[in-house]
Amino acid sequence: MPDRFLRIALGVTLGLLIAFVAQPYILAFLYSADAPRSVTARGDLSAAEKTTVDLFARAAPSVVHVFAQAAAQGRALMEPDDEFGQGEQQQQGSGTQTGTGFVWDAAGHVVTNNHVVEAATKGGGSISVRLASGEVVGARVVGTAPSYDLAVLQLGRVAKMPPPLAVGTSADLKVGQSAFAIGNPFGLDHTLTTGVISALQRRLPTQEGRELSGVIQTDAAINPGNSGGPLLDSAGRLIGVNTAIFSPSGASAGIGFAVPVDVVNRVVPDLIKNGRVRNPGIGIIAGQEATAARLGIDGVVVLRVLPGSPAAQAGLRGVDPRSGTIGDVIVGANGRPVHRLSDLTAVVEEAGLDRPVTLLVERDGRVRTVRLHTADVAQTRL
């Protein structure tokens, strides 16, 4: 009896083992989907998804891919296409920088970053633009504004002009509202990334010794190649021009910056009409902030006053070139404290051209009020 029970137990165990080993083969034989599977209905997209899809469909045709060739190079066309290139970073050996732009008006003006086309403009190179349709057309630089990292291009003959982007305002933006970036990161055309406005009123150093204030910070992924592309709100309106990222690795770390559209809407018409932007200023060259800090000075040291400028007419005095004696230090403007150059720049920018500005100026330990009007001082720091 015990032997019989043992034989039965071993038989059952062996059967179970065989079944366990054979299970995958049995399932594969019985249930393999060797024909196309039927599609499961998913239902309608969510309201948020529909909004994003519609936004991209409306805005994407207005976004272009910008190629700036620093100088003619006969081997450029012989080199393999860099499908996953380095964005607006210069590709080694090709002298080409790429970035993003968008159509500004029905005349074919395209807005992008100055740093995207800078090498081509300085080196006598060429610029071409690939439209959303795939058409590639030549373009010329109409004007650049290095102080705002903006440039305007004029498209050549186009089979069908893309529509201009709708323009919004950056004056009423709120931290936390949705933000959408469209661009060509790493050469990948028309990529949409989404996020929120992470912060407002950031400051961003630009060329010409200025610091752009009121910059938008977003966590929408911005990578090399996105520069010059649009930052949009949930209505599909332009609220900024993507210009920079903060990233130790060079790729998106969720901290991107965009020039606010209210600045763009003021600068671009000037570039179209005059080829340059009229920078409101008072006609001074400011001293180095680091030097002022080491000397314990809280304010903007007037290093030099330009002849004939509003500052000169108001009697402002720079540093004595012979003795090195400090003249005037600007410590306030239009009722706001001035600790550094960006504080003064922000006040002057807000005032605009040919507008009054009231300064608090310290000289020899005494503070006095100086009233003057801003003027176009595009070739100076302020």
Side-chain angles (χ1 to χ4, degrees), residues 146-149 170-171 175 198-217 243-244 246 255 257 259-260 262-263 279-382:
S147 295
Y148 304 94
D149 198 16
S170 48
V175 173
S198 305
L200 297 168
Q201 301 301 319
R202 294 300 195 208
R203 290 169 172 165
L204 190 66
T206 61
Q207 299 179 34
E208 309 297 328
R210 284 179 176 252
E211 198 173 54
L212 186 60
S213 60
V215 172
I216 302 166
Q217 180 184 327
T243 189
F246 175 79
I255 302 178
F257 301 100
V259 180
D262 289 350
V263 173
N279 290 327
I282 59 176
I284 67 166
I285 294 178
Q288 294 289 333
E289 292 181 1
T291 303
R294 285 197 299 269
L295 296 174
I297 298 173
D298 183 16
V300 173
V301 176
V302 178
L303 181 64
R304 186 157 60 91
V305 177
L306 300 179
S309 67
Q313 296 171 11
L316 265 64
R317 182 189 303 168
V319 175
D320 189 319
R322 291 173 296 183
S323 65
T325 303
I326 294 174
D328 289 328
V329 178
I330 300 173
V331 296
N334 283 359
R336 287 152 58 177
V338 170
H339 303 290
R340 51 191 298 188
L341 180 60
S342 58
D343 297 329
L344 181 57
T345 301
V347 172
V348 173
E349 291 280 354
E350 291 173 9
L353 280 170
D354 303 319
R355 302 298 299 172
V357 172
T358 301
L359 304 178
L360 289 180
V361 179
E362 182 179 336
R363 182 191 297 175
D364 299 328
R366 293 183 299 176
V367 177
R368 72 187 195 282
T369 300
V370 176
R371 294 179 176 84
L372 45 74
H373 278 67
T374 60
D376 178 11
V377 289
Q379 302 305 315
T380 71
R381 292 195 174 184
L382 189 61

First locate atom CD1 of Ile330, then atom CG of Leu359, and finally report the distance between them rounded to the nearest 0.5 Å. 5.0 Å
State which residues pass side-chain hydrogen bond (donor to acceptor under 3.5 Å, both in side chains) with Thr325; sequence neighbours excluded, sorted by chain then number. Ser323
Go through Val300 and Val331 one step at a time and tell me if the side-chain contact (heavy atoms from CB on, under 4.5 Å) criterion holds. CA-CA 7 Å; Val300 173; Val331 296; over 6 Å; no
For a quick test of reading the model, state the closest non-hydrogen atom pair linking Pro337 to Asp343 and the distance between them. O-CB, 4.0 Å
I'd like to know whether Phe257 forms a side-chain contact (heavy atoms from CB on, under 4.5 Å) with Val259, so could you lay out the CA-CA distance, the side-chain angles of the two residues, the decisive distance to 0.1 Å, and finally the verdict. CA-CA 7 Å; Phe257 301 100; Val259 180; over 6 Å; no
So with a 6.0 Å cut-off around CG of Asp320, is the heavy-atom count from everything else above 12? yes
CG/Asp298 to CZ/Arg340 distance, rounded to the nearest 0.5 angstrom? 11.5 Å
Going through the distances and angles, do Val301 and Ile326 end up as a side-chain contact (heavy atoms from CB on, under 4.5 Å)? CA-CA 8 Å; Val301 176; Ile326 294 174; 4.1 Å; yes
Testing the basics here: between Leu353 and Pro280, what is the closest heavy-atom pair and its distance to 0.1 Å? CD2-CA, 3.7 Å
Listed by chain and number, what are the side-chain hydrogen bond (donor to acceptor under 3.5 Å, both in side chains) partners of Arg355, not counting sequence neighbours? none
With sequence neighbours left out, the residues meeting side-chain contact (heavy atoms from CB on, under 4.5 Å) with Leu200 are Leu173, Val175, Ile197, Ile216
Beyond-backbone contact of Val370 with Leu316, side-chain heavy atoms, under 4.5 angstrom: yes
Does Arg363 have any side-chain hydrogen bond (donor to acceptor under 3.5 Å, both in side chains) partners at least two apart in sequence or in another chain, and if so, which? Asp328
side-chain contact (heavy atoms from CB on, under 4.5 Å) with Ser309: which residues, sequence neighbours excluded? Val305, Leu306, Ala311, Ala312
With rounding to the nearest 0.5 Å, note down the distance linking NE2 in His373 to CD in Gln313. 11.0 Å
Beyond-backbone contact of Val361 with Val329, side-chain heavy atoms, under 4.5 angstrom: no
Correct closest heavy-atom pair for Ala333 and Leu344 would be CB-CD1, 3.9 Å
Grab the two heavy atoms, one from Ala351 and one from Pro356, that are nearest each other, plus how far apart they are. CB-O, 4.4 Å
Could you walk me through whether Val302 and Arg317 satisfy the side-chain contact (heavy atoms from CB on, under 4.5 Å) test, starting with their C-alpha distance in whole Å, then the side-chain angles of each, then the deciding distance to 0.1 Å, before giving a yes or no? CA-CA 7 Å; Val302 178; Arg317 182 189 303 168; over 6 Å; no
Taking atom OG1 of Thr374 and atom CD of Glu349, what is their separation to the nearest 0.5 Å? 10.0 Å
Distance in Å, Thr358 OG1 paired with Arg336 CZ, rounded so as to fall on 0.5 Å steps: 13.0 Å
With sequence neighbours left out, what residues match Asn334 under side-chain hydrogen bond (donor to acceptor under 3.5 Å, both in side chains)? none
